[in-house]
Amino acid sequence: MDRLPQKTFEHVRKPGPYALLALLGAMAFTIGTVLQIRVAQWAGRSEPGGLLQTVLGNGRRLFANHFFVQADVYFHSGYYPSVFDAVPRNRDRSHLRQKEHDHDDQSEEPRGDAPAQDESSQHEKEMAFLREPQDWIDRFGRRFMVTSHQHLEGGKEREMLPWLKIAAELDPEQPETYLVAAYWLRDLKRTDEAEKFLREGLRHLPNSHELYFDLGTLFYEDRKNMDMAANLWELALKKWQAAESAEKKPDPLHLNQIATHLAKLEETRGNTGRAIELLVIAKKVSPHPEAVQTWIEELRKGGPRTIH
Amino acid sequence: MNIVFAIAGVVIKELYRRKDFYVLFVMTAVITLAMGSVRFFNDPKIALYLKDLCLLLIWISALVIAIATTARQIPAEREARTIFPLLAKPVTRWQVILGKFLGCWAACGIALVVFYLFFGLVSASREQAWHATIFLQGMWLQWSMLAIVIALCLLGSVVFAAPSSNATICFVIVGGILVLGRHLHKLAMQQPEPLGSIVTTIYFLIPHLEWFDVKDFIVYNNDSLRFADCALASLYAGFYTTFLLVATWIVFRRKPLNT
């Protein structure tokens, strides 16, 4: 070992490696500054939907409808038409926001509002998709499938919620998903979650009169906060009118719903003038204008009110 | 019959020596538990989506185990040339077919028991209820259906050259029947002749595996099925299984075994 020549460290004096190191450092800094802005943007996206949005892009909307339908399947406990059954394609989905006893009980609805009875019978017709069995295979096979039309009840409606949550994450711009989920969350006395979900919907759909109306209803019925409810319904009314001005053809029955609910609230608060203004708006689109007219006349007379 | 049981025993041992079952069970358990840990709207009582997912995974896993195990039985014996000493014992070809079938069916049964025990635990932990009758009916019907699938796959293994092609064709047929079987007669009515008649004939000839899928009854906690209906469905499965096994034997008894 002693015979071996001793080697000392040779100090690098060439500037090349230092320049390369400095260049790499500068590049890392530059990329860091660029990425930081993007990371901030990613963080601002809807929380769990961000990944799905990044992976699936706009294709996620196709899956969103599937999950919304899955919620409907759950609502019917598996009794649901397949693509092979003769059922209208654009089926009415309002039944998803109706409890069994709602079909008969409409005492809470303001006068002049659209009746739920017609929707219910329409839904019954749509769901009568099972024809008479055509052969013994068909007849016997029905013993192993759900063949009776029933809706979830007694708190079991919560079982639809996971599918609605996923549907909302996949397509956050579908107001119906928020409306259905919020309806059942409120029914299950989970008002905070319902409000949070509706507000999440409003972040994606800031011009949705349906969402403002439902949020107002939540404040009116659950939180008993009349001022907040009135403000939100006024906002819903403005959003509806703005949508009409923009020729987006909003549902006139929804205007009727907003105006009659708001009129009822204003009447309770003693703002008769505003209530009449709203009823005039409602009368134009109401399916029962004569009932609205009677209501207006009662308000103008200032006589004793009947319970609406 | 002892010979048949001995062959079946070898097939069952093969199931627990191979990793297919373990992989599928772990995958099912991991996915189910991962999904179970997700809280939707802070509601711990939501259970149906988890039952639905778990049952779907059980159905997929059971089909994979049944088809993958069965498809390689006879081709593997022929390729390794162990079929010759087996037949020289002496063991008849019918006994080979029956032994392989019973082994695969029993192996699937064991796998199903493990899967359904797991499913029962998951379901009971969420719902605090044990719907034993419908669980057992669902498991029995699924096992009956697997008998038809195994017999079909065994027939495929003496008809097709490679296990992979047999397995693929079996998956397509079984998947097709499960999805379309119930609706073929509706499709037939919309088709022009002679296609309509052909589809109708297929509808009456195929084994209606979709009858045995009672996932909806289990998931939605519907009333249990009538035992008479389960018995009739089992008879139906027995008829198709016997028919397919006899067909397998007819093809296999004249088949040269040299590869």
Side-chain angles (χ1 to χ4, degrees), chain A residues 48 67 70-71 73-86 129-131 133-148 150-152 155-166 168-169 181-182 184-186 188-197 200, chain B residues 35-36 38-53 126-127 137-138 141-142 144-145 179-190 200 203-223 225-230 232-233 235-236:
Chain A
F67 286 112
Q70 189 64 18
V73 173
Y74 269 44
F75 188 53
H76 292 95
S77 301
Y79 177 79
Y80 207 75
S82 69
V83 288
F84 303 102
D85 291 300
F129 61 89
L130 275 182
R131 307 282 175 244
Q134 292 177 344
D135 48 68
W136 69 271
I137 293 173
D138 195 6
R139 189 172 296 110
F140 186 64
R142 289 188 189 188
R143 297 181 189 184
F144 303 96
M145 56 189 274
V146 183
T147 50
S148 61
Q150 55 190 2
H151 291 173
L152 288 176
K156 286 185 182 171
E157 298 93 341
R158 60 165 50 86
E159 302 294 350
M160 291 191 288
L161 297 173
W163 304 115
L164 295 171
K165 177 79 176 165
I166 297 169
E169 282 176 7
W184 291 112
L185 282 167
R186 284 176 54 213
L188 294 163
K189 311 290 177 207
R190 305 187 75 86
T191 313
D192 289 346
E193 279 82 6
E195 186 187 342
K196 197 176 158 190
F197 200 52
E200 189 185 318
Chain B
M35 286 304 292
V38 178
R39 280 282 170 91
F40 293 97
F41 299 106
N42 299 319
D43 193 336
K45 291 182 186 169
I46 296 173
L48 297 197
Y49 83 97
L50 198 61
K51 288 171 72 179
D52 202 353
L53 176 77
R126 276 293 173 112
E127 294 186 320
Q137 285 178 332
L141 286 173
Q142 192 178 352
S144 305
M145 184 220 64
V179 175
L180 293 174
R182 183 168 281 154
H183 309 288
L184 275 179
H185 66 304
K186 291 176 209 161
L187 282 174
M189 284 190 292
Q190 295 163 7
T200 305
Y203 172 73
F204 281 105
L205 283 180
I206 56 167
H208 283 269
L209 304 178
E210 74 277 2
W211 290 356
F212 302 87
D213 176 8
V214 290
K215 284 203 298 288
D216 284 349
F217 284 78
I218 302 173
V219 170
Y220 302 111
N221 298 327
N222 285 352
D223 295 336
L225 299 160
R226 281 171 44 192
F227 281 100
D229 293 336
C230 291
L232 280 172
L235 270 176
Y236 177 83

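In what follows, every chain begins at residue 1, and chains take the letters A, B, ... in the order their sequences are listed. Any value given below was found using the heavy atoms of this structure, including those in side chains, with hydrogens, waters and symmetry copies removed.
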- Note on the structure: Most contact-rich option vs chain B, by heavy-atom pairs under 4.5 angstrom, among A:Ser77, A:Ala181, A:Gly78, is A:Ser77
- Message: Can you tell me which portion of B:Met35 sits under 4.5 Å from chain A's heavy atoms? Options are side chain, backbone, both or neither.
- Response: neither
- Between the CZ atom in A:Arg143 and the CG atom in B:Leu232, the distance rounded to the nearest 0.5 Å is 7.0 Å
- Message: If I measure from the heavy atoms of chain A, does B:Lys45 come under 4.5 Å with its side chain, its backbone, both, or neither?
- Response: both
- Item | Verdict with supporting geometry, B:Tyr203 and A:Asp138, side chain to side chain contact (heavy atoms under 4.5 Å, CB included) | CA-CA 10 Å; B:Tyr203 172 73; A:Asp138 195 6; 3.9 Å; yes
- Task: Applying side chain to side chain contact (heavy atoms under 4.5 Å, CB included), run through A:Phe140 and B:Asp229 and close with a yes or a no.
- Result: CA-CA 8 Å; A:Phe140 186 64; B:Asp229 293 336; 4.0 Å; yes
- Note on the structure: In terms of heavy-atom contacts, B:Ile46 and A:Glu159 come closest through CG2-OE1, 3.5 Å
- Task: Go through A:Met160, A:Glu193, A:Gln70, A:Arg190 and name the one with the most non-hydrogen pairs under 4.5 angstrom from chain B.
- Result: A:Arg190
- Item | Nearest non-hydrogen partners of B:Asp52 and A:Tyr74, listed with the distance | OD2-OH, 2.7 Å
- Query: Of the backbone (N, CA, C, O) and the side chain (C-beta and beyond), which part of B:Leu225 lies under 4.5 Å from a heavy atom of chain A, both, or neither?
  - Reply: side chain
- So which part of A:Tyr79 gets closer than 4.5 Å to some heavy atom of chain B, the side chain, the backbone, both or neither? neither
- For B:Leu48 and A:Lys156, what are the C-alpha separation, side-chain angles and deciding distance, and is it a side chain to side chain contact (heavy atoms under 4.5 Å, CB included)? CA-CA 9 Å; B:Leu48 297 197; A:Lys156 286 185 182 171; over 6 Å; no
- Item | Between CG on residue B:Asp216 and OG1 on residue A:Thr147, distance to nearest 0.5 Å | 11.5 Å
- So A:Trp136 and B:Trp211, would you call those rings parallel, tilted or perpendicular, with 30° and 60° as cut-offs? perpendicular
- Note on the structure: Rounded to the nearest 0.5 Å, the CG atom of B:Asp43 sits from the CG atom of A:Leu188 at a distance of 7.0 Å
- Looking at A:Ser82 and B:His183, what are the two nearest heavy atoms and their distance? OG-CE1, 3.2 Å
- Message: Are there over 12 heavy-atom neighbours, none belonging to B:Lys186, within less than 6.0 Å of that residue's NZ?
- Response: yes
- Task: Considering non-hydrogen atoms only, spot the tightest contact between A:Pro162 and B:Tyr49 and give its length.
- Result: CG-CD2, 3.8 Å
- If you take all heavy atoms of A:Phe144 and B:Ala233, which pair is closest and at what distance? CZ-CB, 3.7 Å
- Any chance you could lay out the side chain to side chain contact (heavy atoms under 4.5 Å, CB included) test for A:Ile137 and B:His185, step after step, and finish with the verdict? CA-CA 10 Å; A:Ile137 293 173; B:His185 66 304; over 6 Å; no
- Measure the CG-CZ distance between A:Leu164 and B:Phe40 for me, rounded to the nearest 0.5 Å. 10.5 Å
- Task: Mind checking the CZ-CZ spacing from A:Arg142 to B:Arg182? Nearest 0.5 Å is all I need.
- Result: 9.5 Å
